[in-house]
Amino acid sequence: MRDYLKKKIISENFDFEEILLIPILATLLALIIGCLFLLATGETFENILVAFTNLFIGSFGSLNAISETCTAATPLIFAALGIALAFRAGLFNIGAEGQIIIGGMAAVIIGFSIDFLPIWLHLPLALLFGAIFGALYAAIAGWLKATTGAHEVISTIMLNLIALRLLDYFLRLPVIQKEGRNDPISKSVLETAQLPQILSFIEPQLRLHSGFILMLVAVVLVYWLLFHTTIGFEFRSTGSNPNAAQYAGIKASLTIILVMGIAGALAGLAGSNQIMGVLGRATPGFSASIGFDAIAVALLGRSHPIGVLFAGLLFGALIAGGRLMQVKAGVSIDLITIIQALIIVFIAAPLLVRNAVPWAFKTKDKS
Amino acid sequence: MVNIELKNISKSFGSVQANQDINIKVNSGEILGLLGENGAGKSTLMNILCGLYRPDEGKIIINQKETHFDNPGDAIKSGVGMVHQHFMLVPIFTVTENVILGNEKTGNLNYLKIKDSEKKVSEISEKYSLLVNPKEITERLSVGAQQRVEIIKVLFRSAELIIFDEPTAVLTPQEVKELFKIMNALKKSGKAIIFITHKLHEVREVCDKISILRAGMIVGEVDPKKVSNKELANLMVGRPVNLSLERKKNKTGKTILEVDNLSVLNENREIALNQISFNVKEGEIVGIAGVQGNGQTELVESITGLRNFVAGNVSYFEKKMEYITPREIHKLGIRHIPEDRQKSGVIANFTVSENKILNDYYQKPFSSNYIMSWGDVERVSETVVKNFDIRTPSITTLTQNLSGGNQQKLVVGRELSNKVDFLIASQPTRGIDVGSIEYIHKQLIETRNNGKGILLISTELDEILTLSDRILVLFEGKIIKEFSSNASTEEIGLAMAGQS
Amino acid sequence: MKLSYKLFGAFLASVLISLSSTAFAFTACQVTDIGGVDDKGFNATSWKGVQDAVAKHGIGSKLLESNAETDYVPNLNSFVSEGCDIIVSVGFLMGEATANAAKENPESKFAIVDFAYDPTIPNVMGLIYNTDEAAFLAGYLAAGVSKTGIVGTFGGINIPPVTIFMDGFVAGVNHYNKTKGTNVSVLGWDPESKEGLFTNNFSSLDDGRAFAQNLYDEGADIVMPVAGPVGLGSAALASELGTDSLKIIGVDVDQYVLDTKNQSVYLTTVEKGMDATVLGAIESAKNGSFKGGVYVGTLANNGVRIAPYHDLSSSVSNGLNNEIKKLRSSIINGFLSVKN
């Protein structure tokens, strides 16, 4: 019965054009316009082909490329899952960046300060603290909204700024700051709190770490939470029609705080993931605006966990491939930012896509 | 003089054939009634005529000349005007400002020649006896007067064909009479009129001919003089319809709901309900009649735990209800059909089965320990879909793809398939087709016959009269009169206008 | 149809070209830090060193810009797998990443600007600069030119390659006070406690404007921003206020030449000859004399210097100019310590 139901959900409510075609076309259009940008800046046609060939080779062309793509995608997807979840509940969580910072800070402190635990305790503990502190930090915005009606966009933006300054402050505290350094940099996390690399047995420089697997688990868990639990049902109801949800007896305030908390936990895991899997320590710029890129990923993934997974991999691929593109073709890596921005423009304005390639669409504009 | 003909019009959206091979024709000095259930294709057809959609096939012929409308502007230029069901007026503008909006006459330096326009509005208003002061602020006008502004707007743009889209839905019986007078005056002055409605006696009263639309096709063209309500309904629904319900005398039992001197504020902190008292007993339907916006919404919300009240009491089986949440209300066996199904009844992008469990998703069998069991949801939803005659391709169809009537049946099904002791039915049949209305009415009567109590709130007087055992008229937050079930439309209509 | 064949042909050709692009016998590669190659500062200057090598020796060059700290490691790895003959990483913040890459790839040669390893790594040449020697001269100059008797400085991040400028600057001012019996004060840096004003980034021009404004409000009429492109914001403010109110001392590379929009506001620039040292590192790798360790740029080997006064030379008296020339030679000869 359940399989039958699933089949039906996929076959009937899976709006192929909305969920798949538009994101794919948006990406292609963005790449094409990226080409035009290059032509306009005087690149030769040949060099542009070199650039785009290497964009692909650098992201999927080798085991190392795939490893880099996945490494870059992992924190993006973690944070984007949280943002997507909040979207589903009707909340626009701009605060992933701040939640990443706070979560990452918690992870780094647990990571370097506890030296008596074995890895199988220390590692989960650090991750747990990253998630909890990310959650608590995000829940502030949720609590403000639930109790005072303060708009979450404003409060999360402000919390981002506060997080940034807190990070500066913490990194200068003697207990956190690395010995012998005057600049804001934390002590390094101990080996027992580092996410083990998973492909280094093939080649040592493959950086992909076990955070990637945790991320895949998170995708499944978020999917399950959203579509197979009463909590997810409440999130989706409140997000789709708060009035009807209220009439049905769902408490909006509780839902808001809960969903922000979970979103924050996921962002906190993104931060912990960077600290424990990639950087090994915290510095003022460790969040690297992942929290903002993740908003784009959530949009591109249509706020669906599976969509977010693929959108995150695409963004990861652009980051990893952009590197080889610059190396081989000498094209500035800023092009990648332009392409990412264009993708979002097209996603935000699907009519542009429909008008640009009308023959790709069977159904006409529904508005 | 004008004559307009739609010839062999077809239009489809994806796999849905909205209009198929439709021919209609209307001349100057003629009122064509376009009768059809919701989802029969009336809106699509009218949107084609207004230039919003382009037909896949077929022609629009105006005065024997084939015409193409690329956008609504083209249609207006060709003399087609529409009086919308939901008024398109800016509340804080004057009547004249609303009339000229988008069609402003300006002099040098874009100086707005408002005086000229005011004069023209007055002229139109006198010519067709559309009584309205051109300088009045629109939001201060009654609903009927606002509708007259809409009509003036259309005439101001020199429309020759005027389409009225469900114009009577928001009017009191007296205002409906006024409207019909206006329509007849327009007809006499040579306008062609298309009157869209689902109310059978209205088309018979005012139209010269009637076209009936069902499932995207014209299924009948009849002469209103020679046809009965029953025949019309049969054509519209496609099967025999039982319009007059058998409402047997029923013995009433214990008092279920006791409202005692209830006072409630609205969002602007103004008095919305002013010390009202009434009760509902087991086995009766109490109808609350009144024009929309006289406190109905606030009344329902304060009984269902969605709004706090400032004074008075509401008791349920002699137990006071105060600071009670909607969820506790559900658990008490109080069921609620919200007045606006789009806004608060269903979640449009949820599936039928998800909407079915909206109130009790957290209970067994739909979930246990926070985990949804979709298999059971499916099983129960299938039964409800079958029992309540919800026409849907499947229970996993998105609710927004259902017709209004089926969405409403889904709401009714959801509420009545649970334990019911008391039902609050607010506008239970607004904007839905005859078949669904008939069905929902039967369900309500059956619930009453089973000894349950129903509080029915409706702005459709016919509905109140058909269903209620007692009728209370709500006017400006007060119950100004109580009627028995055999009161006349005339009496209640006057009370609805505030004359007790 | 024909066109599409042509296109396909071109595509294939380009793929082939891209796969066999190691056309040069020797390739020098540079990874910038997050300031980017157009920072008009140390990334740009180092890249100029690479370009000088290209012009001089006909070698190949490649560039990778880092958008975020997380890019350092993968960027270095990319160049390792590209088979670069020398990899130049720019900036103190890349110190750890470069050390790790060097240890993992002992065959590759690295040079890093602004970092000295202790102990040294055999395949990394650390290029560091006794910037305090030049900054000392700039501090003395500023103290002599200031009318308000207050000068200021601020940094990007509190790291040695930044604070060494500020140390030298303060020492120069103090030396002026000692010699002349004046009381010129420096805002923004305390060499004792190692505390001062920092924007905590190397990118925000707005911060550069705001910090300079604060120092100006406190009375400073000469400000030395040690924060890469951040200083461009300070220069814009100075150009609005007029050079009588506020002058700027640039860092890294003669800002008069680079910041053409506001060139008149620069009293001088404390220059680090990164182009020359990077060129030197590349040449050593090319001719086989490459050796891991530390190369120190000083006033003596012209690795650091102060730039000409350009438009503002009229505000520097001949006497002051001569004193600075004398100071320079006493520093070179070791008669004068620039430490505080």
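Lettering of chains follows the sequences in order, A, B, ..., and the numbering in each one begins at 1.
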To the nearest 0.5 Å, what is the distance between [atom1] ([X]) and [atom2] ([Y])?
X	Y	atom1	atom2	result
T325(B)	K251(A)	OG1	NZ	5.5 Å
M372(B)	T229(A)	CE	OG1	8.0 Å
N369(B)	T230(A)	CG	OG1	9.5 Å

With a 4.5 angstrom heavy-atom cut-off, could you sort out which part of [X] is near chain A: side chain, backbone, both or neither?
X	result
E328(B)	neither
V377(B)	neither
F350(B)	side chain
N349(B)	side chain

| request: For the residue pair F233(A) and W374(B), categorise the inter-ring angle as parallel (less than 30°), tilted (30 to 60°) or perpendicular (more than 60°). | output: tilted
| Non-hydrogen atoms of chain B under 4.5 Å away: do they reach the side chain of L225(A), the backbone, both or neither? | neither
| Hey, mind stepping through Y362(B) and E234(A) against side-chain hydrogen bond (donor to acceptor under 3.5 Å, both in side chains) and telling me if it holds? | CA-CA 9 Å; Y362(B) 59 95; E234(A) 286 167 5; over 6 Å; no
| Can you name the closest pair of heavy atoms from S237(A) and L358(B) and give their distance? | OG-CD1, 3.9 Å
| message | On a heavy-atom basis, which atom in P326(B) and which in G249(A) lie closest, and how many Å separate them? | response | CB-CA, 3.9 Å
| query | Passes side-chain contact (heavy atoms from CB on, under 4.5 Å), K343(B) versus N241(A)? Steps please. | reply | CA-CA 7 Å; K343(B) 198 173 142 209; N241(A) 186 343; 5.7 Å; no
| Beyond-backbone contact of H330(B) with Y247(A), side-chain heavy atoms, under 4.5 angstrom | no
| request: Mark yes when over 12 heavy atoms from residues, nucleotides or ligands other than F310(A) sit less than 6.0 Å from its CZ; otherwise mark no. | output: no
